[in-house]
Number of protein chains: 2
Amino acid sequence: MSKWANAVPSRAEQTDNKRKAIIREAARVFNRRGSHGTTLDDVAERLGVTKTALYRYVNNKNDLLFACHEEAMEIANEHLGIGERDGSNGLEKIRIGMTGYLRTMISDMGVPVLILEENALADGTAGPIIALRDAFEKRLRRLVEEGIRDGSIVPVNPKLAVFMLLGAVHWVTKWYSPEGPWTAEQASEALIELATRGFSAQPGAALTSDLHQSIMSFTAARPNEG
Amino acid sequence: MSKWANAVPSRAEQTDNKRKAIIREAARVFNRRGSHGTTLDDVAERLGVTKTALYRYVNNKNDLLFACHEEAMEIANEHLGIGERDGSNGLEKIRIGMTGYLRTMISDMGVPVLILEENALADGTAGPIIALRDAFEKRLRRLVEEGIRDGSIVPVNPKLAVFMLLGAVHWVTKWYSPEGPWTAEQASEALIELATRGFSAQPGAALTSDLHQSIMSFTAARPNEG
DNA sequence: TTATTTAGTGAATATTGAGTAACAATAGTT
DNA sequence: AACTATTGTTACTCAATATTCACTAAATAA
(Lines give C-alpha, C1' and ligand atoms only; values in the text may rest on other atoms or scores of the structure.)
Protein backbone atom coordinates (compact mmCIF):
# COMPACT_ATOMS: atom_id res chain seq x y z
CA MET A 1 0.00 0.00 0.00
CA SER A 2 2.37 2.68 1.19
CA LYS A 3 5.04 3.59 -1.30
CA TRP A 4 8.37 5.19 -0.56
CA ALA A 5 7.83 4.38 3.09
CA ASN A 6 5.31 7.21 3.15
CA ALA A 7 8.04 9.75 2.46
CA VAL A 8 6.00 11.15 -0.37
CA PRO A 9 2.80 12.82 0.77
CA SER A 10 -0.38 11.37 -0.58
CA ARG A 11 -2.85 13.31 -2.62
CA ALA A 12 -5.12 13.79 0.33
CA GLU A 13 -2.27 15.06 2.45
CA GLN A 14 -1.26 17.55 -0.17
CA THR A 15 -4.78 18.80 -0.47
CA ASP A 16 -4.93 19.18 3.25
CA ASN A 17 -1.63 21.04 3.33
CA LYS A 18 -2.81 23.40 0.68
CA ARG A 19 -5.98 24.13 2.53
CA LYS A 20 -3.94 24.85 5.63
CA ALA A 21 -1.64 27.12 3.68
CA ILE A 22 -4.62 29.07 2.45
CA ILE A 23 -5.97 29.45 5.94
CA ARG A 24 -2.66 30.58 7.31
CA GLU A 25 -2.07 33.11 4.61
CA ALA A 26 -5.62 34.38 4.82
CA ALA A 27 -5.30 34.74 8.57
CA ARG A 28 -2.28 36.95 8.14
CA VAL A 29 -3.98 39.30 5.75
CA PHE A 30 -7.29 39.31 7.57
CA ASN A 31 -5.47 40.32 10.69
CA ARG A 32 -3.72 43.18 9.06
CA ARG A 33 -6.54 44.63 7.06
CA GLY A 34 -9.63 43.01 8.42
CA SER A 35 -11.57 40.46 6.46
CA HIS A 36 -13.69 43.06 4.76
CA GLY A 37 -10.60 44.90 3.69
CA THR A 38 -9.11 41.81 2.12
CA THR A 39 -10.04 40.41 -1.26
CA LEU A 40 -9.67 36.83 -2.24
CA ASP A 41 -7.42 38.07 -5.00
CA ASP A 42 -5.09 39.35 -2.31
CA VAL A 43 -4.97 35.98 -0.64
CA ALA A 44 -4.56 34.12 -3.91
CA GLU A 45 -1.80 36.39 -5.11
CA ARG A 46 0.24 35.80 -1.99
CA LEU A 47 -0.03 32.10 -2.65
CA GLY A 48 0.88 32.44 -6.28
CA VAL A 49 -2.35 31.04 -7.64
CA THR A 50 -5.53 32.52 -9.00
CA LYS A 51 -8.53 33.32 -6.92
CA THR A 52 -10.54 30.59 -8.54
CA ALA A 53 -8.12 27.96 -7.34
CA LEU A 54 -9.00 28.81 -3.76
CA TYR A 55 -12.53 27.65 -4.35
CA ARG A 56 -11.31 24.10 -4.66
CA TYR A 57 -10.31 24.20 -1.01
CA VAL A 58 -12.87 26.45 0.62
CA ASN A 59 -16.51 26.94 -0.13
CA ASN A 60 -16.47 30.69 0.05
CA LYS A 61 -14.92 33.64 1.80
CA ASN A 62 -17.03 33.24 4.86
CA ASP A 63 -15.98 29.64 5.14
CA LEU A 64 -12.37 30.71 5.02
CA LEU A 65 -12.84 33.29 7.73
CA PHE A 66 -14.59 30.70 9.81
CA ALA A 67 -11.72 28.28 9.41
CA CYS A 68 -9.25 30.96 10.48
CA HIS A 69 -11.09 31.55 13.70
CA GLU A 70 -11.49 27.89 14.33
CA GLU A 71 -7.80 27.26 13.96
CA ALA A 72 -6.92 30.15 16.21
CA MET A 73 -9.22 28.83 18.91
CA GLU A 74 -7.72 25.41 18.59
CA ILE A 75 -4.24 26.75 19.18
CA ALA A 76 -5.45 28.87 22.05
CA ASN A 77 -7.07 25.96 23.80
CA GLU A 78 -4.13 23.71 23.20
CA HIS A 79 -1.78 26.10 24.93
CA LEU A 80 -4.17 26.83 27.72
CA GLY A 81 -4.19 23.09 28.31
CA ILE A 82 -0.42 23.06 28.56
CA GLY A 83 -0.56 25.92 31.01
CA GLU A 84 -3.12 24.17 33.15
CA ARG A 85 -0.96 21.07 33.19
CA ASP A 86 2.41 22.67 33.86
CA GLY A 87 1.60 25.73 35.96
CA SER A 88 1.61 25.39 39.70
CA ASN A 89 -0.91 28.13 40.40
CA GLY A 90 -3.49 30.28 38.60
CA LEU A 91 -1.08 32.98 37.59
CA GLU A 92 1.53 30.59 36.26
CA LYS A 93 -1.04 28.64 34.30
CA ILE A 94 -2.17 31.80 32.60
CA ARG A 95 1.36 32.92 31.88
CA ILE A 96 2.47 29.64 30.40
CA GLY A 97 -0.68 29.21 28.38
CA MET A 98 -0.87 32.69 26.99
CA THR A 99 2.83 32.99 26.25
CA GLY A 100 2.69 29.78 24.27
CA TYR A 101 -0.44 30.83 22.48
CA LEU A 102 0.96 34.19 21.53
CA ARG A 103 4.30 32.77 20.44
CA THR A 104 2.69 30.17 18.24
CA MET A 105 0.32 32.61 16.67
CA ILE A 106 2.97 35.19 16.00
CA SER A 107 5.40 32.84 14.37
CA ASP A 108 2.95 30.51 12.76
CA MET A 109 0.16 32.62 11.44
CA GLY A 110 2.03 35.84 11.42
CA VAL A 111 -0.17 37.07 14.17
CA PRO A 112 -3.24 36.18 16.22
CA VAL A 113 -6.54 35.76 14.51
CA LEU A 114 -9.07 35.87 17.20
CA ILE A 115 -10.20 39.36 16.46
CA LEU A 116 -13.79 38.79 15.62
CA GLU A 117 -15.13 41.66 13.65
CA GLU A 118 -18.73 41.95 14.47
CA ASN A 119 -20.84 40.91 11.54
CA ALA A 120 -17.82 39.78 9.61
CA LEU A 121 -19.14 36.27 9.67
CA ALA A 122 -22.35 35.90 7.74
CA ASP A 123 -25.63 35.41 9.53
CA GLY A 124 -25.79 32.19 11.42
CA THR A 125 -22.19 31.15 10.94
CA ALA A 126 -20.98 33.43 13.70
CA GLY A 127 -22.70 31.40 16.40
CA PRO A 128 -20.29 28.50 16.67
CA ILE A 129 -17.24 30.75 16.64
CA ILE A 130 -18.67 33.01 19.30
CA ALA A 131 -19.37 29.94 21.38
CA LEU A 132 -15.76 28.84 21.06
CA ARG A 133 -14.50 32.26 21.94
CA ASP A 134 -16.75 32.51 24.95
CA ALA A 135 -15.64 29.12 26.17
CA PHE A 136 -12.04 30.21 25.85
CA GLU A 137 -12.66 33.39 27.76
CA LYS A 138 -14.52 31.53 30.43
CA ARG A 139 -11.63 29.11 30.78
CA LEU A 140 -9.30 32.04 31.26
CA ARG A 141 -11.59 33.59 33.84
CA ARG A 142 -11.63 30.34 35.75
CA LEU A 143 -7.86 30.50 35.93
CA VAL A 144 -8.02 34.04 37.23
CA GLU A 145 -10.45 32.94 39.90
CA GLU A 146 -8.23 30.02 40.74
CA GLY A 147 -5.32 32.41 41.08
CA ILE A 148 -7.27 34.64 43.41
CA ARG A 149 -8.09 31.66 45.58
CA ASP A 150 -4.57 30.26 45.64
CA GLY A 151 -3.12 33.68 46.36
CA SER A 152 -1.10 34.12 43.20
CA ILE A 153 -3.47 36.76 41.83
CA VAL A 154 -4.65 39.87 43.57
CA PRO A 155 -8.43 40.25 44.04
CA VAL A 156 -9.54 41.54 40.69
CA ASN A 157 -12.61 41.48 38.54
CA PRO A 158 -11.96 38.36 36.46
CA LYS A 159 -13.88 39.59 33.43
CA LEU A 160 -11.98 42.80 33.35
CA ALA A 161 -8.67 41.06 33.90
CA VAL A 162 -9.32 38.77 30.96
CA PHE A 163 -10.42 41.64 28.74
CA MET A 164 -7.29 43.56 29.62
CA LEU A 165 -5.07 40.59 28.91
CA LEU A 166 -6.73 39.72 25.63
CA GLY A 167 -6.61 43.32 24.52
CA ALA A 168 -2.88 43.46 25.12
CA VAL A 169 -2.42 40.16 23.31
CA HIS A 170 -4.56 40.81 20.27
CA TRP A 171 -3.25 44.27 19.73
CA VAL A 172 0.01 42.59 18.78
CA THR A 173 -1.54 42.36 15.35
CA LYS A 174 -1.02 46.05 14.94
CA TRP A 175 2.63 46.36 15.81
CA TYR A 176 4.47 43.09 15.57
CA SER A 177 6.43 42.24 12.47
CA PRO A 178 8.69 39.23 12.07
CA GLU A 179 11.09 41.52 10.22
CA GLY A 180 11.46 43.71 13.29
CA PRO A 181 14.18 43.39 15.92
CA TRP A 182 12.14 41.25 18.32
CA THR A 183 11.76 37.51 17.97
CA ALA A 184 8.36 35.96 18.52
CA GLU A 185 9.76 34.38 21.64
CA GLN A 186 10.97 37.65 23.11
CA ALA A 187 7.91 39.65 22.29
CA SER A 188 5.52 37.03 23.64
CA GLU A 189 7.32 36.54 26.88
CA ALA A 190 7.90 40.20 27.57
CA LEU A 191 4.35 41.19 26.75
CA ILE A 192 2.70 38.50 28.84
CA GLU A 193 5.00 39.15 31.75
CA LEU A 194 4.15 42.81 31.65
CA ALA A 195 0.41 42.38 31.26
CA THR A 196 -0.02 39.68 33.88
CA ARG A 197 2.06 41.63 36.36
CA GLY A 198 -0.96 43.90 36.48
CA PHE A 199 -2.83 41.36 38.55
CA SER A 200 -0.01 39.40 40.10
CA ALA A 201 -0.19 39.14 43.89
CA GLN A 202 3.60 39.24 44.17
CA PRO A 203 4.73 41.54 41.37
CA GLY A 204 8.49 41.40 41.20
CA ALA A 205 10.44 44.60 41.68
CA ALA A 206 11.85 44.19 38.19
CA LEU A 207 10.80 42.60 34.93
CA THR A 208 12.90 39.66 33.88
CA SER A 209 12.30 39.32 30.14
CA ASP A 210 15.02 40.19 27.65
CA LEU A 211 13.23 43.14 26.19
CA HIS A 212 12.85 44.83 29.50
CA GLN A 213 16.43 44.22 30.52
CA SER A 214 17.89 46.06 27.59
CA ILE A 215 15.63 49.04 27.72
CA MET A 216 18.04 51.10 25.74
CA SER A 217 16.91 49.51 22.50
CA PHE A 218 13.98 51.82 22.10
CA THR A 219 13.33 50.93 18.52
CA ALA A 220 10.85 48.33 17.40
CA ALA A 221 9.35 47.36 14.12
CA ARG A 222 6.36 49.28 12.93
CA PRO A 223 5.56 48.13 9.44
CA ASN A 224 2.85 50.54 8.52
CA GLU A 225 4.34 53.84 9.39
CA GLY A 226 6.45 56.37 7.61
CA MET B 1 -28.80 90.70 14.04
CA SER B 2 -29.21 87.98 16.58
CA LYS B 3 -32.74 86.80 17.06
CA TRP B 4 -34.21 85.13 20.09
CA ALA B 5 -31.16 86.20 22.06
CA ASN B 6 -29.22 83.48 20.25
CA ALA B 7 -31.31 80.81 21.90
CA VAL B 8 -31.97 79.30 18.52
CA PRO B 9 -28.89 77.88 16.88
CA SER B 10 -27.91 79.48 13.63
CA ARG B 11 -27.89 77.65 10.35
CA ALA B 12 -24.14 77.27 10.45
CA GLU B 13 -24.26 75.89 13.95
CA GLN B 14 -26.85 73.33 13.03
CA THR B 15 -24.83 72.24 10.07
CA ASP B 16 -21.83 71.87 12.29
CA ASN B 17 -23.78 69.87 14.84
CA LYS B 18 -25.03 67.55 12.19
CA ARG B 19 -21.58 66.96 10.86
CA LYS B 20 -20.41 66.14 14.35
CA ALA B 21 -23.31 63.77 14.85
CA ILE B 22 -22.36 61.96 11.68
CA ILE B 23 -18.77 61.63 12.79
CA ARG B 24 -19.76 60.31 16.18
CA GLU B 25 -22.16 57.78 14.84
CA ALA B 26 -19.75 56.69 12.15
CA ALA B 27 -17.03 56.27 14.74
CA ARG B 28 -19.24 53.94 16.72
CA VAL B 29 -19.96 51.69 13.80
CA PHE B 30 -16.47 51.82 12.38
CA ASN B 31 -15.19 50.71 15.73
CA ARG B 32 -17.52 47.79 15.91
CA ARG B 33 -17.25 46.48 12.42
CA GLY B 34 -14.27 48.21 10.95
CA SER B 35 -14.60 50.85 8.28
CA HIS B 36 -14.53 48.32 5.47
CA GLY B 37 -17.30 46.40 7.13
CA THR B 38 -19.49 49.45 7.45
CA THR B 39 -21.54 50.94 4.67
CA LEU B 40 -22.62 54.53 4.53
CA ASP B 41 -26.14 53.21 4.43
CA ASP B 42 -25.51 51.74 7.87
CA VAL B 43 -24.38 55.07 9.21
CA ALA B 44 -27.23 56.93 7.58
CA GLU B 45 -29.82 54.53 8.84
CA ARG B 46 -28.67 54.97 12.41
CA LEU B 47 -29.13 58.68 11.97
CA GLY B 48 -32.53 58.28 10.43
CA VAL B 49 -31.61 59.80 7.08
CA THR B 50 -30.59 58.47 3.72
CA LYS B 51 -27.05 57.94 2.58
CA THR B 52 -27.23 60.79 0.15
CA ALA B 53 -27.94 63.24 2.93
CA LEU B 54 -24.55 62.48 4.43
CA TYR B 55 -22.84 63.81 1.37
CA ARG B 56 -24.00 67.30 2.27
CA TYR B 57 -21.70 67.16 5.28
CA VAL B 58 -18.78 65.00 4.24
CA ASN B 59 -17.04 64.69 0.93
CA ASN B 60 -16.78 60.94 0.91
CA LYS B 61 -16.29 57.92 3.09
CA ASN B 62 -12.58 58.39 3.36
CA ASP B 63 -13.11 61.92 4.52
CA LEU B 64 -15.42 60.68 7.21
CA LEU B 65 -12.98 58.06 8.41
CA PHE B 66 -10.28 60.68 8.47
CA ALA B 67 -12.42 62.97 10.58
CA CYS B 68 -13.09 60.18 13.04
CA HIS B 69 -9.43 59.55 13.61
CA GLU B 70 -8.69 63.20 13.83
CA GLU B 71 -11.30 63.70 16.49
CA ALA B 72 -10.06 60.71 18.45
CA MET B 73 -6.52 62.01 18.41
CA GLU B 74 -7.68 65.40 19.51
CA ILE B 75 -9.41 63.95 22.53
CA ALA B 76 -6.42 61.76 23.29
CA ASN B 77 -4.00 64.64 23.25
CA GLU B 78 -6.28 66.85 25.25
CA HIS B 79 -6.44 64.33 28.07
CA LEU B 80 -2.78 63.54 27.94
CA GLY B 81 -2.25 67.24 28.44
CA ILE B 82 -4.42 67.18 31.52
CA GLY B 83 -2.47 64.22 32.83
CA GLU B 84 0.83 65.96 32.25
CA ARG B 85 -0.46 69.00 34.07
CA ASP B 86 -2.07 67.30 37.05
CA GLY B 87 0.02 64.16 37.61
CA SER B 88 2.93 64.37 39.99
CA ASN B 89 5.02 61.66 38.34
CA GLY B 90 5.19 59.65 35.14
CA LEU B 91 2.85 56.93 36.26
CA GLU B 92 0.21 59.32 37.55
CA LYS B 93 0.34 61.38 34.40
CA ILE B 94 -0.33 58.33 32.33
CA ARG B 95 -3.12 57.16 34.58
CA ILE B 96 -4.91 60.49 34.65
CA GLY B 97 -4.49 61.05 30.93
CA MET B 98 -5.53 57.62 29.78
CA THR B 99 -8.42 57.28 32.17
CA GLY B 100 -9.82 60.58 30.95
CA TYR B 101 -9.27 59.66 27.35
CA LEU B 102 -10.94 56.31 27.72
CA ARG B 103 -13.87 57.68 29.69
CA THR B 104 -14.53 60.41 27.17
CA MET B 105 -14.30 58.11 24.23
CA ILE B 106 -16.52 55.51 25.75
CA SER B 107 -19.29 57.86 26.71
CA ASP B 108 -18.96 60.25 23.84
CA MET B 109 -18.22 58.17 20.80
CA GLY B 110 -19.42 54.91 22.18
CA VAL B 111 -15.90 53.68 22.21
CA PRO B 112 -12.34 54.54 21.19
CA VAL B 113 -11.57 55.06 17.55
CA LEU B 114 -7.89 54.94 17.20
CA ILE B 115 -7.85 51.57 15.58
CA LEU B 116 -6.28 52.24 12.26
CA GLU B 117 -6.92 49.45 9.88
CA GLU B 118 -4.09 49.20 7.49
CA ASN B 119 -5.12 50.44 4.08
CA ALA B 120 -8.42 51.66 5.41
CA LEU B 121 -7.51 55.21 4.57
CA ALA B 122 -6.98 55.80 0.89
CA ASP B 123 -3.51 56.37 -0.48
CA GLY B 124 -2.02 59.60 0.69
CA THR B 125 -4.62 60.48 3.29
CA ALA B 126 -3.24 57.99 5.78
CA GLY B 127 -0.04 59.96 6.24
CA PRO B 128 -1.30 62.77 8.46
CA ILE B 129 -3.26 60.41 10.68
CA ILE B 130 -0.35 58.07 11.14
CA ALA B 131 1.78 61.05 12.04
CA LEU B 132 -0.74 62.07 14.69
CA ARG B 133 -0.89 58.57 16.06
CA ASP B 134 2.86 58.24 16.18
CA ALA B 135 3.19 61.55 17.96
CA PHE B 136 0.66 60.40 20.51
CA GLU B 137 2.49 57.15 21.10
CA LYS B 138 5.77 58.93 21.40
CA ARG B 139 4.25 61.28 23.94
CA LEU B 140 3.11 58.27 25.94
CA ARG B 141 6.54 56.68 25.72
CA ARG B 142 8.10 59.85 27.03
CA LEU B 143 5.87 59.61 30.06
CA VAL B 144 6.92 56.02 30.61
CA GLU B 145 10.55 57.06 30.45
CA GLU B 146 9.85 59.90 32.80
CA GLY B 147 8.23 57.45 35.18
CA ILE B 148 11.25 55.17 35.05
CA ARG B 149 13.49 58.07 35.89
CA ASP B 150 11.36 59.40 38.70
CA GLY B 151 10.95 55.94 40.17
CA SER B 152 7.19 55.58 39.72
CA ILE B 153 7.58 53.04 36.92
CA VAL B 154 9.63 49.90 36.98
CA PRO B 155 12.37 49.55 34.34
CA VAL B 156 10.44 48.43 31.31
CA ASN B 157 10.70 48.62 27.57
CA PRO B 158 8.74 51.80 26.88
CA LYS B 159 7.58 50.73 23.45
CA LEU B 160 6.25 47.49 24.75
CA ALA B 161 4.62 49.15 27.73
CA VAL B 162 2.78 51.56 25.46
CA PHE B 163 1.71 48.79 23.11
CA MET B 164 0.39 46.80 26.03
CA LEU B 165 -1.51 49.73 27.40
CA LEU B 166 -2.98 50.78 24.09
CA GLY B 167 -4.01 47.22 23.35
CA ALA B 168 -5.89 46.97 26.61
CA VAL B 169 -7.52 50.33 25.97
CA HIS B 170 -8.55 49.83 22.37
CA TRP B 171 -9.85 46.37 22.93
CA VAL B 172 -12.62 48.02 24.92
CA THR B 173 -14.29 48.39 21.56
CA LYS B 174 -14.97 44.71 21.57
CA TRP B 175 -16.62 44.31 24.93
CA TYR B 176 -17.93 47.53 26.33
CA SER B 177 -21.56 48.43 25.93
CA PRO B 178 -23.28 51.41 27.54
CA GLU B 179 -26.24 49.14 28.17
CA GLY B 180 -24.12 46.86 30.31
CA PRO B 181 -23.76 47.05 34.10
CA TRP B 182 -20.59 49.13 34.09
CA THR B 183 -20.55 52.89 33.72
CA ALA B 184 -17.97 54.50 31.48
CA GLU B 185 -16.40 55.93 34.60
CA GLN B 186 -16.09 52.58 36.33
CA ALA B 187 -14.80 50.67 33.37
CA SER B 188 -12.21 53.30 32.47
CA GLU B 189 -10.82 53.63 35.92
CA ALA B 190 -10.71 49.93 36.67
CA LEU B 191 -9.12 49.04 33.36
CA ILE B 192 -6.42 51.68 33.49
CA GLU B 193 -5.61 50.90 37.08
CA LEU B 194 -5.21 47.25 36.21
CA ALA B 195 -3.16 47.75 33.09
CA THR B 196 -0.82 50.37 34.49
CA ARG B 197 -0.23 48.28 37.60
CA GLY B 198 1.73 46.07 35.23
CA PHE B 199 4.57 48.56 35.17
CA SER B 200 4.02 50.39 38.42
CA ALA B 201 7.09 50.51 40.67
CA GLN B 202 4.92 50.32 43.77
CA PRO B 203 2.01 48.12 42.80
CA GLY B 204 -0.51 48.21 45.64
CA ALA B 205 -1.43 44.97 47.35
CA ALA B 206 -5.02 45.49 46.26
CA LEU B 207 -6.86 47.21 43.45
CA THR B 208 -8.95 50.15 44.55
CA SER B 209 -11.46 50.64 41.75
CA ASP B 210 -15.12 49.81 42.24
CA LEU B 211 -15.18 46.96 39.81
CA HIS B 212 -12.40 45.14 41.54
CA GLN B 213 -13.85 45.65 44.99
CA SER B 214 -17.09 43.93 44.23
CA ILE B 215 -15.62 40.98 42.43
CA MET B 216 -18.71 38.95 43.02
CA SER B 217 -20.51 40.65 40.16
CA PHE B 218 -18.97 38.43 37.57
CA THR B 219 -21.31 39.48 34.82
CA ALA B 220 -20.57 42.16 32.29
CA ALA B 221 -22.17 43.26 29.10
CA ARG B 222 -21.24 41.46 25.98
CA PRO B 223 -23.50 42.63 23.20
CA ASN B 224 -22.60 40.17 20.55
CA GLU B 225 -22.82 36.91 22.28
CA GLY B 226 -25.52 34.37 22.86
C1' DT C 1 -1.58 3.46 -23.92
C1' DT C 2 -6.12 5.18 -22.65
C1' DA C 3 -9.45 6.71 -19.45
C1' DT C 4 -10.44 9.19 -15.34
C1' DT C 5 -9.86 12.12 -11.72
C1' DT C 6 -7.70 16.36 -9.86
C1' DA C 7 -5.82 21.08 -10.09
C1' DG C 8 -5.88 25.04 -12.01
C1' DT C 9 -6.99 28.96 -15.55
C1' DG C 10 -9.46 32.88 -17.82
C1' DA C 11 -13.72 34.63 -18.95
C1' DA C 12 -18.43 35.42 -17.54
C1' DT C 13 -22.02 36.79 -13.99
C1' DA C 14 -24.10 38.67 -9.85
C1' DT C 15 -24.02 41.53 -5.97
C1' DT C 16 -22.71 45.09 -3.16
C1' DG C 17 -21.91 49.65 -2.10
C1' DA C 18 -19.81 54.36 -3.20
C1' DG C 19 -20.94 58.25 -5.37
C1' DT C 20 -24.13 61.43 -8.63
C1' DA C 21 -28.13 63.81 -10.84
C1' DA C 22 -32.54 65.51 -10.86
C1' DC C 23 -36.15 66.70 -8.26
C1' DA C 24 -39.26 67.81 -3.74
C1' DA C 25 -40.01 69.89 0.42
C1' DT C 26 -38.88 73.25 3.78
C1' DA C 27 -37.48 77.50 5.74
C1' DG C 28 -35.93 82.02 5.46
C1' DT C 29 -36.08 86.60 2.79
C1' DT C 30 -37.84 90.43 0.33
C1' DA D 1 -47.10 86.11 -2.02
C1' DA D 2 -42.99 85.14 -4.76
C1' DC D 3 -38.01 84.10 -4.62
C1' DT D 4 -33.94 81.77 -3.04
C1' DA D 5 -31.09 78.89 -0.44
C1' DT D 6 -30.94 74.68 2.17
C1' DT D 7 -31.82 70.04 3.19
C1' DG D 8 -33.25 65.96 1.96
C1' DT D 9 -35.16 62.14 -1.24
C1' DT D 10 -35.60 58.77 -5.10
C1' DA D 11 -33.60 56.71 -8.77
C1' DC D 12 -29.83 56.05 -10.96
C1' DT D 13 -24.45 54.88 -12.51
C1' DC D 14 -20.29 52.54 -12.08
C1' DA D 15 -16.47 50.09 -10.12
C1' DA D 16 -14.99 46.45 -7.17
C1' DT D 17 -15.24 41.84 -5.87
C1' DA D 18 -17.38 37.40 -4.72
C1' DT D 19 -18.86 33.42 -7.10
C1' DT D 20 -19.65 30.37 -11.12
C1' DC D 21 -18.72 28.27 -15.72
C1' DA D 22 -16.40 26.14 -19.41
C1' DC D 23 -12.35 24.57 -20.49
C1' DT D 24 -7.02 22.91 -20.30
C1' DA D 25 -3.19 20.49 -18.30
C1' DA D 26 -1.32 17.42 -15.29
C1' DA D 27 -1.37 13.36 -12.44
C1' DT D 28 -3.03 8.81 -11.44
C1' DA D 29 -5.20 4.50 -12.41
C1' DA D 30 -6.69 0.80 -15.65
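Side chains included, hydrogens not; waters and symmetry mates left out as well; all remaining heavy atoms used. Note on naming: letters A, B, ... go to the chains in the order of the sequence lines (proteins, then strands), and numbering restarts at 1 for each one.
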Counting primed atoms, P, OP1 and OP2 as sugar-phosphate and everything else as base, the B/S/- map of nucleotides 12-18 of chain C against protein heavy atoms under 4.0 Å is -----SB

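Every residue was checked against the side chain to side chain donor-acceptor pair (under 3.5 Å) condition with B:Lys138, not counting sequence neighbours, and none meets it. Contacts of A:Asn77 classified as side chain to side chain donor-acceptor pair (under 3.5 Å), with partners at least two apart in sequence or in another chain: A:Arg139. Residues that satisfy the side chain to side chain donor-acceptor pair (under 3.5 Å) test with B:Thr50, not counting sequence neighbours, are absent from this structure. When the side chain to side chain donor-acceptor pair (under 3.5 Å) test is applied to B:Glu25, the partners found at least two apart in sequence or on another chain are B:Arg28, B:Arg46.
Among residues at least two apart or in separate chains, side-chain hydrogen bond (donor to acceptor under 3.5 Å, both in side chains) pairs with a member in residues 53-63 of chain A are A:Asn62-A:Thr125. The stretch residues 187-197 of chain B participates, sequence neighbours left out, in no salt bridge (charged side-chain N to carboxylate O under 4.0 Å, His left out) pair at all. Applying the salt bridge (charged side-chain N to carboxylate O under 4.0 Å, His left out) rule to pairs touching residues 96-107 of chain A yields A:Arg103-A:Glu185, sequence neighbours excluded.
One interatomic measurement links the two molecules: CZ of A:Phe30 to C1' of D:dT17, which rounds to 13 Å at whole-angstrom precision. For the pair A:Asp16 CG and C:dT6 C1', the interatomic distance rounds to 16 Å; values are reported in whole Å. Atom CG of A:Leu54 and atom C1' of D:dT17 are 13 Å apart (whole Å). Rounded to a whole Å, the CD atom of A:Glu13 is 13 Å from the P atom of C:dA7.
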Please list each protein N or O that sits under 3.5 Å from an N or O in nucleotides 6-8 of chain D, with the distance.
unit_1, atom_1, unit_2, atom_2, d
D:dT6, O4', B:Arg11, NH2, 3.3
D:dT7, OP1, B:Thr15, OG1, 3.1
D:dG8, OP1, B:Lys18, NZ, 3.3
D:dG8, OP2, B:Tyr57, OH, 2.4
D:dG8, N7, B:Arg56, NE, 2.9
D:dG8, N7, B:Arg56, NH2, 2.9
D:dG8, O6, B:Arg56, NH2, 2.8

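More than 12 non-hydrogen atoms from other residues, nucleotides or ligands lie less than 6.0 angstrom from CD of A:Glu78.
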